[in-house]
Novice: 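Sharing a structure with you now.
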Amino acid sequence: MRLPSVDDIERRMPKPEDFESRARGTELTARVGTALGIAFGICFLTGLWSHFQYTTPGWVPLGPNPTQLYRWTQGLHIMSGTAAIPLLLVKLWSVYPRLFSLPPKKLDRTLVLDLLEKASIGVLVASSLFQVISGSLNIAQWYPWNFSFRSTHEAVAWVAIGSLLVHIAVKLPIIREALGAPIEHRDHSLDPDAPTRRHVLLGAFVASGAAVLLTAGQTVPFLRKVSVFAVRDGEGPQGLPVNRTANAAGSAKAAMDPQFVLEIVVGGQTLSLNREQLLAMPQRTHRLPISCVEGWSRNAVWTGVALRDLIALLDAPPSSELGIRSMQTIGAFSVSVLPAAYVEDPRSLLALELNGETLSLDHGYPCRIIAPNRPGVFQTKWVNRLEVKT
Ligand SMILES: Nc1nc2c(c(=O)[nH]1)N[C@H]1C(S)=C(S)[C@@H](COP(=O)(O)O)O[C@H]1N2
Ligand SMILES: [Mo]
């Protein structure tokens, strides 16, 4: 048996001209691409903002105001990422025949340029797919990998946005021309029943909008009934979804222990308070959101003791950074650090009640942190130790 030669393979490979759909075309690609570029841009900036909440660089003003800001930025992050999925698929469909264009045969500058362009598009496609897939799996709380989601999602975001900017720069003349031209092929009347570019473009936008509508109710209250695919339907004990239950966190036993005490540590001093003593302190009530990084959010009414009042018992200044520890034994997010700007705000609470009832076990009984404009992951539940950092 003769092995196929390179020529044989080339002959059998499809060529760009073999893909006949008239619905494809630069005019379509450029329009879908523009929408995708806008979605990626919003997703990148709001994503960056979210990463700052974890890395707290000194030059970024992070604080308790505006109260609902993270709710908006993270809601937008998940919505723009969701909107990007159908757009990305349609854009890939519109250009993939070009994958089969053969590189120039001669070994010269055009070959190098051709390979460089293909490589840069390869990086863009791979990083974009990685971002939407890893992001979606994270929302589904399914981690079939063993790298850190957050730092990898951030690193690849830079690769994606960088290769996107290169791609736009390289294609700018073509993009401008295609956006200026009418979308429809002049002679699509050849086959009047075939889908047109206008159909595909409309389909892409409708799919993108529908994807957002079907999920955005997890953070936009009036869409709650529409969003049948939302990861959190807005239900849960005391009218608030639960992200991780006490059993899943391995905190139930310690949380229900009647001997429970909260330790407050300032310098060398430790003060222990049980729940009755916490309830005997001045209580404050505020309406504040849980804004989960996974894109769901909801306001609730919280009652408890202001953190600044608690540390004042040991004469710590209100503008102190606070280390928070929970009774969790399984999984991440058992501890957090609350920057001084939040501790100072009298609305930052060690909450004891939720929506007028004793905090339920899954929402963090006996007590939990709730601070304005904080990502949900840092609203630590089942707290048993507050330590002023010095
Ligand atoms: N100890 C602890 N606190 C935690 C978590 C956790 O896993 N462990 N999850 C956080 C996350 S990701 C969110 S979104 C909020 C959700 O609060 P809820 O379950 O009361 O709605 O709790 C936060 N507090
Ligand atoms: Mo979360």
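Read the numbers this way: they start at 1 and go in the same order the structure lists the ligands and their atoms.
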Novice: Do R150's NZ or CZ and the ring of Y54 fall within the cation-pi criteria of under 6.0 Å and 45°?
Specialist: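 Cation-pi check for R150 and Y54: passes.
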Novice: Would you find more than 12 non-hydrogen atoms of other residues, nucleotides or ligands less than 6.0 Å from K118 atom NZ?
Specialist: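 Buried by this count: over 12 neighbours within 6.0 Å.
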Novice: Using the side chain to side chain donor-acceptor pair (under 3.5 Å) rule, collect all pairs that involve residues 247-275, keeping only residues at least two apart or in two chains.
Specialist: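 Counting only pairs at least two positions apart or across chains, the side chain to side chain donor-acceptor pair (under 3.5 Å) contacts touching residues 247-275 are E263-R385.
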Novice: Taking the six-membered ring for Trp, are the ring centroids of F52 and W59 within less than 6.0 Å of each other?
Specialist: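 Under 6.0 Å, so yes.
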Novice: Centre of Y342's six-membered ring, under 6.0 Å away, within 45 degrees of the axis: is that where NZ or CZ of R374 sits?
Specialist: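 Checked: cation-pi criterion met.
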Novice: Taking a 3.5 Å cut-off between nitrogen or oxygen atoms, can you list every pair linking ligand 1 to the protein, with distances?
Specialist:
unit_1   : atom_1 : unit_2 : atom_2 : d
ligand 1 : 1 (N)  : S326   : OG     : 3.4
ligand 1 : 1 (N)  : Q328   : OE1    : 2.8
ligand 1 : 1 (N)  : K381   : O      : 3.3
ligand 1 : 3 (N)  : K381   : N      : 2.9
ligand 1 : 7 (O)  : R244   : NH1    : 2.6
ligand 1 : 8 (N)  : Q328   : OE1    : 2.5
ligand 1 : 8 (N)  : F333   : O      : 3.4
ligand 1 : 17 (O) : R368   : NH2    : 3.2
ligand 1 : 19 (O) : N243   : N      : 2.9
ligand 1 : 19 (O) : K381   : NZ     : 2.6
ligand 1 : 20 (O) : H363   : ND1    : 2.6
ligand 1 : 20 (O) : R368   : NH1    : 2.7
ligand 1 : 21 (O) : P241   : O      : 2.6
ligand 1 : 22 (O) : R368   : NH2    : 3.4
ligand 1 : 24 (N) : Q379   : O      : 3.0

Novice: Quick one: is the NZ or CZ of R368 closer than 6.0 Å to the six-membered ring centre of W382, and within 45° of its axis?
Specialist: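 The answer is no; the distance or angle limit is not met.
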